[in-house]
Amino acid sequence: METPVLGFEPRCPHLFNTNSRPSSSLPASTLSVRTLTAATVVKSPATVVVVAEAPRTKPHSKSFLTRKSAISEIEQSPDFLSSLQRLSRVLKVQDLNVILRDFGISGRWQDLIQLFDWMQQHGKVSDSTYSSCIKFVGAKSVSKALEIYQSIPDESTKTNVYICNSILSCLVKNGKLDSCINLFDQMKRDGLKPDVVTYNTLLAGFIKVKNGFPKAMELVGELPHNGIKMDGVMYGTVLAICASNGRCEEAESFVQQMKDEGHSPNMYHYSSLLNSYSWKGDYKKADELMTEMKSVGLVPNKVMMTTLLKVYIKGGLFERSRELLSELESAGYAENEMPYCMLMDGLSKTGKLEEAMTIFDDMKAKGVKSDGYANSIMIAALCRSKRFEEAKQLARDSETTYEKCDLVMLNTMLCAYCRAGEMESVMRMMKKMDEQAVSPDYNTFHILIKYFIKEKLHLLAYQTLLDMHSKGHRLEEELCSSLIYHLGKIRAHSEAFSVYNMLRYSKRTICKDLHEKILHILIHGKLFKDAYVVVKDNAKVISQPTLKRFCKAFMVSGNINLVNDVLKVLHGSGHKIDQVQFEIAISRYISQPDKKELLLQLLQWMPGQGYVVDSSTRNLILKQSHLFGRQLIAEILSKHHIVSRTMVVRSRSEPKFSRGQRGK
DNA sequence: TTAGGGTTAG
């Protein structure tokens, strides 16, 4: 039989309909269309479509056969570049594209890049070269795919809808949704006319994103404006977004809309709707849905029944959940641990630890295949019930039984060891994470820092917090506050201040008490300049006794150049400055005559704010007035005297005028 | 002549 490469697609276009996606559903041996006389295409698990090859209308031309054999020669050549050089005259751009896609499908990454470079150098590229190349390259390296896209010389090619869809899809698949949206906006400005595929590509990015629902709806709202109607694929995407955001009413309404538009929901559409009911455990609606689905002839599959189990568990129907689990077992749908895990987790989270353990033991007795999830769930459940010894024991078992652990499992075991106080095991887990190149997440850091604090390894806790912060994780106030307290206790004042700052600059509001707490620590550590910064920014939420303590400490030992600033800030915040603080400040100035200007500034500032020097300070100043200019000092002190007299008169006429309030 | 999606667990 001849091998119809070039002539195949036009005659059997449905084989290449992207909706059926044959390549990913077929085993490798049937991947090559060249070997097919009748192709069997799996359209969905339920439907098998057999496509008979159409009879030839005319024999292939000589040039066609030459190109065809050149393509297979290059694909099969151990040194494809030299074959390419030799045969390049024969080949058209679309033939090179065929080879490029063949390299992509069979994972010949280096060859694909080399071929693409060659095609560029020889000016043999078309739009589909870019869209295919970006698709395959993007599966391995987003940056390389972007590089290819940016290198497109022609501006109009850059807004070709296939090429745009290809690069946008590559960004979405790599979790770069924000860059994807930005690029999309840029493309629109440059003239892209997005189509249904473009919008669906973007929408797919919102499925697993927290709070993706409103943004997805915004995109859906743009569709009519662009003359685009939703198709079955897009309904599938949108329903998945609704389900993963718990929007069951919206999911219902989209299903209704798709029915109204003449689309029949398939198993995936129904599964998403069912999943949306699991958020609230709405088993009534779930049961109704199952009935409807069966009535249209769809047979619930494994995923559907597992999702139904999830609804029952969330709804607290544990008896029916156990029955459904038995049904899953009889149907052969419980050969792995997932449904058991769901039930165990649901039970343990509603305080039914013993029942969860029964399921766990049953599962083990039945020899159900496990990858360690079940153990992990039970370790977490035991920790929640503060049964740390059992949790630790199970963690040990897991370590010996399962070689591969994911981050959640590692965190769960780490937590069990921390709570049981097993330092050696904690270190072993950390080493394991390192070896397996699993990067710690927020939970890992949180568990470790809490543990280090408990073990009084406060500096280690501090180092870990720095690490956590530098990795961009949000910091929890309670944990930071506790660490600040302990660092203060061990006189690690500047470390405490650094924790305070990390928290302060990463959060909009922090608890008022924390400012006061850090202020005490800074005063204690004689870090007056830092203390001044805290006071300056937060004086209004700091108690008067603490401000008083700060003022006193600063006057005695703070930087002399900041003394006036400190007094002004304290006064400006409504704090009444004690007479004795002025006395201390002024004696310091007098002992340092080079600070003459500062003394004069202070003395001039005081009367305007209702402060005057007391008689002993006045005498002290007069004694040294030759250093500061006798005439000037006399003028300033007479102002103090006038003010002090009016204050005396006032306090007599307003007997209720109390300390701490100042008349204006 | 190229581009898109969807269901379950910790």
Side-chain angles (χ1 to χ4, degrees), chain A residues 6 9-10 13 16 18-19 21 44-45 92-95 97-98 100-101 104 125-136 138 157 160-170 172-173 194-208 230-244 265-276 278 300-311 313 328 333-334 336-346 348-349 370-381 405-413 443:
Chain A
L6 300 154
E9 296 175 37
F16 279 81
T18 49
N19 251 339
R21 291 198 294 178
S44 76
K92 298 186 179 175
V93 175
Q94 62 259 42
D95 304 332
N97 288 341
V98 168
L100 187 92
R101 273 175 231 121
V125 287
S126 65
D127 291 351
S128 48
T129 313
Y130 286 117
S131 57
S132 298
C133 190
I134 289 169
K135 170 179 152 177
F136 290 116
T157 307
N160 170 291
V161 71
Y162 289 92
I163 296 173
C164 290
N165 291 344
S166 187
I167 190 72
L168 292 172
S169 163
C170 151
V172 163
K173 282 179 181 152
D195 65 3
V196 65
V197 175
T198 319
Y199 276 100
N200 195 55
T201 304
L202 297 175
L203 282 169
F206 290 108
I207 292 170
K208 295 215 157 63
M230 291 176 72
D231 62 6
V233 174
M234 196 183 271
Y235 276 112
T237 311
V238 167
L239 284 169
I241 295 167
C242 291
S244 60
N266 64 20
M267 193 64 87
Y268 292 107
H269 297 112
Y270 279 117
S271 286
S272 286
L273 183 55
L274 184 64
N275 194 27
S276 78
S278 72
N301 62 9
K302 180 177 162 181
V303 173
M304 198 88 197
M305 287 178 69
T306 313
T307 309
L308 183 63
L309 179 66
K310 182 177 161 187
V311 179
I313 293 166
L328 282 158
Y333 292 162
N336 77 24
E337 60 185 332
M338 195 197 284
Y340 301 94
C341 286
M342 286 166 52
L343 184 51
M344 281 158 42
D345 193 51
S348 75
K349 280 183 178 158
S370 170
D371 293 320
Y373 286 74
N375 279 34
S376 182
I377 288 164
M378 287 314 297
I379 294 168
C405 291
D406 66 15
L407 180 59
V408 181
M409 290 178 194
L410 287 164
N411 280 345
T412 313
M413 291 193 277
N443 294 314

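Below, all heavy atoms of this structure are taken into account, side chains as well, without hydrogens, waters or symmetry copies. Residue numbers start from 1 in every chain, and the chains themselves are labelled A, B, ... in the order their sequence lines are given, proteins ahead of strands.
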Rounded distance (Å) that lies between atom [atom2] of [N] and atom [atom1] of [X]:
X	N	atom1	atom2	answer
Leu203(A)	dG4(B)	CG	P	15 Å
Asp195(A)	dG5(B)	CG	C1'	14 Å
Arg101(A)	dT1(B)	CZ	C1'	6 Å
Met230(A)	dG6(B)	CE	C1'	12 Å
Asn200(A)	dG6(B)	CG	P	8 Å
Leu202(A)	dA3(B)	CG	P	17 Å
Asn443(A)	dG10(B)	CG	P	14 Å
Tyr235(A)	dT7(B)	OH	P	18 Å

Pair of N/O donor and acceptor under 3.5 Å linking [N] base with [X] side chain:
X	N	value
Ser131(A)	dT2(B)	yes
Asp406(A)	dG10(B)	yes
Asn266(A)	dG5(B)	no
Ser128(A)	dT2(B)	no

Where the side chain of [X] is defined as all heavy atoms beyond and including C-beta, which of [options] is the nearest nucleotide?
X	options	answer
Ser169(A)	dG10(B), dG6(B), dG4(B)	dG4(B)
Thr306(A)	dG5(B), dT8(B), dA9(B)	dT8(B)
Met342(A)	dT8(B), dG10(B), dT1(B)	dT8(B)
Lys310(A)	dG4(B), dT1(B), dA9(B)	dA9(B)
Ile207(A)	dG6(B), dG10(B), dG4(B)	dG6(B)
Met338(A)	dG5(B), dG10(B), dT8(B)	dT8(B)
Ser132(A)	dG4(B), dT2(B), dA9(B)	dT2(B)
Asn275(A)	dG4(B), dT8(B), dG10(B)	dT8(B)
Glu337(A)	dA9(B), dG10(B), dG4(B)	dA9(B)
Val196(A)	dG4(B), dT7(B), dG10(B)	dG4(B)

Counting any heavy atom closer than 4.0 Å, what does [X] reach on the DNA or RNA strands: base, sugar-phosphate only, or nothing?
X	answer
Leu239(A)	nothing
Asp127(A)	base
Lys135(A)	sugar-phosphate
Gly232(A)	base
Asp231(A)	base
Met305(A)	nothing
Lys349(A)	sugar-phosphate
Ala380(A)	nothing

Checklist entry - Using centres under 5.5 Å plus planes under 30 degrees as the test, is Tyr162(A) stacked with dT2(B)? => result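 The base of dT2(B) is stacked with Tyr162(A) (centres under 5.5 Å, planes under 30°).
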Checklist entry - Ring of Tyr373(A) versus six-membered ring of dA9(B): centres under 5.5 Å and planes under 30°? => result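 It does: the ring sits over the base of dA9(B).
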Checklist entry - Can you check side-chain contact (heavy atoms from CB on, under 4.5 Å) on Phe136(A) and Arg101(A), steps first, answer last? => result CA-CA 8 Å; Phe136(A) 290 116; Arg101(A) 273 175 231 121; 3.7 Å; yes
Checklist entry - Taking only residues two or more places apart in sequence or in another chain, which ones pass ring pair (Phe, Tyr, Trp, His ring centres under 6.0 Å) with Tyr333(A)? => result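 Expected list: none.
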Next on the checklist: Using the rule given for side chain to side chain donor-acceptor pair (under 3.5 Å), can you reason through Ser126(A) versus Thr129(A), listing the C-alpha separation, both sets of side-chain angles and the distance that settles it, and then say yes or no?
Outcome noted: CA-CA 5 Å; Ser126(A) 65; Thr129(A) 313; 3.2 Å; yes
Item to check | Derivation of the side chain to side chain donor-acceptor pair (under 3.5 Å) call for Asn275(A) and Ser272(A) | outcome: CA-CA 5 Å; Asn275(A) 194 27; Ser272(A) 286; over 6 Å; no
Next on the checklist: Holding to salt bridge (charged side-chain N to carboxylate O under 4.0 Å, His left out), I want the full list of residues that pass it with Lys173(A), two or more places apart in sequence or in another chain.
Outcome noted: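 Partners of Lys173(A) under the salt bridge (charged side-chain N to carboxylate O under 4.0 Å, His left out) test: none.
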Checklist entry - Looking only at heavy atoms, which two atoms of Ser271(A) and Met304(A) are closest? And how far apart? => result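 In this case the closest contact between Ser271(A) and Met304(A) is OG-SD, 3.2 Å.
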Checklist entry - Are Asn97(A) and Ser132(A) side-chain neighbours, meaning at least one heavy-atom pair lies under 4.5 Å? => result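 Not in contact.
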